[in-house]
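Treat the numbers as computed from the prediction; the structure is a model and nothing was measured.
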Amino acid sequence: MNSFKFSDDNKRYHTWNYHLRHKFGCKVMKLALNAGFTCPNIDGSKGTGGCIYCSGGSGEFAGDPAETVLRQFEDVRTRMHRKWREGKYIAYFQANTNTYAPAELLRQRFEPVLRQPDVVGLSIATRADCLATDALAYLEELKNRTYLIVELGLQSVFDATGERINRCHTYKDFLDGYNALRERGINVCVHLIDGLPGETAEMMIESARRVGELMPHCVKLHLLHILRGTEAERLYESGEIGTLEKDEYVDIIVRQLEVLPPEIVIQRLTGDGGRDSLVAPLWSLKKFEVLNAIDKLMAERDTYQGAGV
């Protein structure tokens, strides 16, 4: 019998679906949008070319920036409605760095979507070093009006890894931004990537453990994808970097879940790479097989999220 506290089914970790069902009492869908922002690691203010795995801006499945945000929202909502006839929406500003602009421009992008029927929240993806004072003040205003999550890409707590992937900010920079958000009572989702160059399994577990000590609202765990046209593809093809095997990844995820407190919501346990753009690992295309393998291993080990805390 599954006795994990934050579960209505057979899951042994605190799923995003469980959290949303219990918070809103209905199906809630995230609609990925592209507000047309850039990134300091692309425009030259911090670096150029982006992180080595970046294919021109994070948010591969976000909307078309040539369209208005509202048009993107309507298009995605229409597609979602074909599958789920009823539900609420969280507008997910996914592509690039969505606080890398003056607060007034952020307001112009976010407010029209927030006013749409059945929108119950905003999820805003950004970098911890792109949280200016005016942006923080606006985010604090937003969290008092809607369900707000700010998603921070950390990827690893190790600065040597950050340098290898051309992250262009340090773990201290992350902590400064994270603490600025938490001091204002803003929910934070932290992203970690497994399989980054030079990292051992123990380093990946340590990243999860240290993030768990911060007690963010949510965590996203996913793997390094090698995408066409990226620096990572060049390094992969030259044999300078590799990717995790499925069994390695599943084992690491289970061990990471064990060091994350059970109260933390797990938004993601694997990643999405476009079938046309993914070079490796191809096993990651079978997302449900990966998730099932995680469930199976947790059951075999009779372990749960937070078992090692």
### Message
I need the Leu142 CG to Ile186 CD1 distance, nearest 0.5 Å.
### Response
8.5 Å
### Message
side-chain hydrogen bond (donor to acceptor under 3.5 Å, both in side chains) for Asn17 and Thr15? Distances and angles first, verdict last.
### Response
CA-CA 5 Å; Asn17 281 338; Thr15 69; 5.6 Å; no
### Query
Hey, is the main chain of Gly153 close enough, under 3.5 Å, to the side chain of Arg167 for a donor-acceptor pair?
yes
### Message
A side-chain contact here means heavy atoms from C-beta on lying under 4.5 Å apart; do Leu214 and Arg182 qualify?
### Response
no
#### Entry: Donor-acceptor side-chain pairing of Gln94 and Lys30 below 3.5 angstrom
no
### Query
Do Glu231 and Arg234 meet the salt-bridge criterion of a basic N to acidic O distance under 4.0 Å?
yes
### Query
If Ile, Leu, Val, Met, Phe, Trp and Tyr residues are connected whenever their side-chain heavy atoms lie under 4.5 Å apart, and connections chain through other members, are Ile205 and Met203 in the same group?
yes
#### Entry: Side-chain (Asp134) to main-chain (Ala103) donor-acceptor, under 3.5 angstrom
yes
### Query
Near Arg301 CZ, under 6.0 Å, is it more than 12 heavy atoms from other residues, nucleotides or ligands?
yes
### Message
Please check this pair: side chain of Asn166 against backbone of Gly50, looking for a donor-acceptor N/O pair closer than 3.5 Å.
### Response
yes
### Query
Which residue pairs pass the salt bridge (charged side-chain N to carboxylate O under 4.0 Å, His left out) test when at least one of the two sits in residues 196-205, sequence neighbours left out?
Glu202-Arg255
### Message
Strictly by ring-ring contact (aromatic ring centres under 6.0 Å, His included), give each pair with a member in residues 236-290 just once, sequence neighbours left out.
### Response
Tyr249-Trp283
### Message
Could you tell me if the side chain of His191 sits less than 4.5 Å from the side chain of His222, heavy atoms only?
### Response
yes
#### Entry: Residue pair Thr170, Asp173: steps toward the side-chain hydrogen bond (donor to acceptor under 3.5 Å, both in side chains) verdict
CA-CA 5 Å; Thr170 65; Asp173 293 331; 3.1 Å; yes
#### Entry: Over all atoms of both residues, closest heavy-atom pair of Ser284 and Leu278
OG-CD2, 3.5 Å
### Message
Do Pro197 and Ile165 make a side-chain contact, defined as non-hydrogen atoms from C-beta onward lying under 4.5 Å apart?
### Response
yes
### Task
Would you check if Lys246 and Pro281 make a side-chain contact, meaning some heavy-atom pair closer than 4.5 Å?
no
### Query
Hey, mind stepping through Val290 and Lys287 against side-chain contact (heavy atoms from CB on, under 4.5 Å) and telling me if it holds?
CA-CA 5 Å; Val290 177; Lys287 185 174 180 179; 5.8 Å; no
### Task
Give every residue pair that meets the side chain to side chain donor-acceptor pair (under 3.5 Å) criterion with at least one member in residues 108-120, sequence neighbours excluded.
Lys88-Asp118, Glu111-Tyr138, Glu111-Arg145
### Task
Say whether Leu196 and Leu244 are linked into one hydrophobic cluster, either directly or through other cluster members, by side-chain heavy-atom distances under 4.5 angstrom.
no
### Message
Within this structure, what is the CD1-CD1 distance for the pair Ile124 and Ile90, rounded to the nearest 0.5 Å?
### Response
11.5 Å
### Summary
In short, Asn41 meets Cys51 closest at the heavy-atom pair ND2-N, 3.6 Å
### Query
Do Ser123 and Glu151 have a side chain donor and acceptor closer than 3.5 Å?
yes
### Contact check, side chains of Leu260 and Tyr13, non-hydrogen atoms, under 4.5 Å
no
### Summary
Heavy-atom nearest pair, Leu152 first then Arg127, reads CD2-C, 3.9 Å
### Query
Under 6.0 Å between ring centres, would you say that holds for Phe93 and Phe37?
no
### Query
Are His22 and Asp8 linked by a side-chain donor-acceptor pair shorter than 3.5 Å?
yes
### Lys296 atom NZ, neighbour heavy-atom count above 12 within 6.0 Å
no
### Message
Starting from Val265, can I reach Tyr304 by hopping between I/L/V/M/F/W/Y residues whose side chains sit under 4.5 Å apart?
### Response
no
### Message
Please report the interatomic distance CG(Leu297) to CG(Asn292), rounded to the nearest 0.5 Å.
### Response
12.5 Å
### Query
Are Leu154 and Tyr178 close enough that some pair of their side-chain heavy atoms sits under 4.5 Å apart?
no
### Query
Is Arg228 reaching over with its side chain to a backbone N or O of Asp276, donor-acceptor style, under 3.5 angstrom?
yes
### Task
Report yes if the side chains of Arg77 and Pro117 come closer than 4.5 Å at any heavy-atom pair, otherwise no.
yes
### Message
Using the rule that Ile, Leu, Val, Met, Phe, Trp and Tyr join whenever any side-chain heavy atoms are under 4.5 Å apart, tell me whether Leu148 and Met29 fall into a single cluster.
### Response
yes
### Query
Ignoring hydrogens and geometry, is there a side-chain-to-backbone donor-acceptor pair from Asn98 to Thr126 under 3.5 Å?
no
### Message
Test your reading of the model: is there a side-chain donor-acceptor pair from Thr48 to the backbone of Ile42, 3.5 Å cut-off?
### Response
no
### Message
To check you understand the geometry: which heavy-atom pair defines the closest contact between Thr230 and Cys54, and what is its length?
### Response
CG2-O, 3.3 Å
### Query
Counting N and O atoms only, with roles assigned by atom type, does the side chain of Thr78 sit under 3.5 Å from a partner on the main chain of Glu74, one being a donor and the other an acceptor?
yes
### Task
Report the residue from Ile266, Ile252, Ile264, Val219 that forms a side-chain contact (heavy atoms from CB on, under 4.5 Å) with Leu257.
Ile266
### Query
When you check the side-chain N and O atoms of Asp9 and Ser7, is any donor under 3.5 Å from an acceptor?
yes
### Message
Ring-plane angle category for Phe6 and His14, please: parallel below 30°, perpendicular beyond 60°, tilted otherwise.
### Response
parallel
#### Entry: From CD1 (Ile253) to CD (Glu258), nearest 0.5 Å
12.0 Å
### Task
Output the distance between atom CG (Leu131) and atom OG1 (Thr97), rounded to the nearest 0.5 Å.
10.0 Å
### Message
When you group the ILVMFWY residues by side-chain heavy-atom contacts below 4.5 Å and let the links chain together, are Met298 and Trp16 in the same group?
### Response
no
#### Entry: Test item: Asp159 side-chain N/O and Tyr171 main-chain N/O as donor-acceptor pair under 3.5 Å
yes
### Message
So which atom in Ile241 and which in Ala232 form the shortest heavy-atom distance, rounded to 0.1 Å?
### Response
CD1-O, 3.6 Å
### Task
In plain terms, say whether Asp295 and Arg12 are close enough for a salt bridge, that is, a side-chain N and a carboxylate O under 4.0 Å apart.
no
### Message
For Ile193 and Leu223: C-alpha separation, side-chain torsions, deciding distance, then whether side-chain contact (heavy atoms from CB on, under 4.5 Å) applies.
### Response
CA-CA 5 Å; Ile193 296 179; Leu223 68 156; 5.8 Å; no
### Glu240 atom CD, neighbour heavy-atom count above 12 within 6.0 Å
yes
### Task
Begin with the C-alpha distance, continue with both residues' side-chain angles, and end with the deciding distance and a verdict on side-chain contact (heavy atoms from CB on, under 4.5 Å) for Gln267 and Ile149.
CA-CA 11 Å; Gln267 279 206 33; Ile149 299 177; 3.8 Å; yes
### Query
What are the two closest heavy atoms between Leu285 and Arg275, and how far apart are they?
CD1-NH1, 3.8 Å
### Query
Under the 3.5 angstrom rule, does the side chain of Gln72 hit a backbone N or O of Glu67 as a donor-acceptor pair?
yes
### Task
Taking the side chain as every heavy atom from C-beta outward, state whether Leu31 and Tyr89 have any atom pair closer than 4.5 Å.
yes
### Euclidean distance, His225 NE2 relative to Leu282 CG, rounded to 0.5 Å
9.5 Å
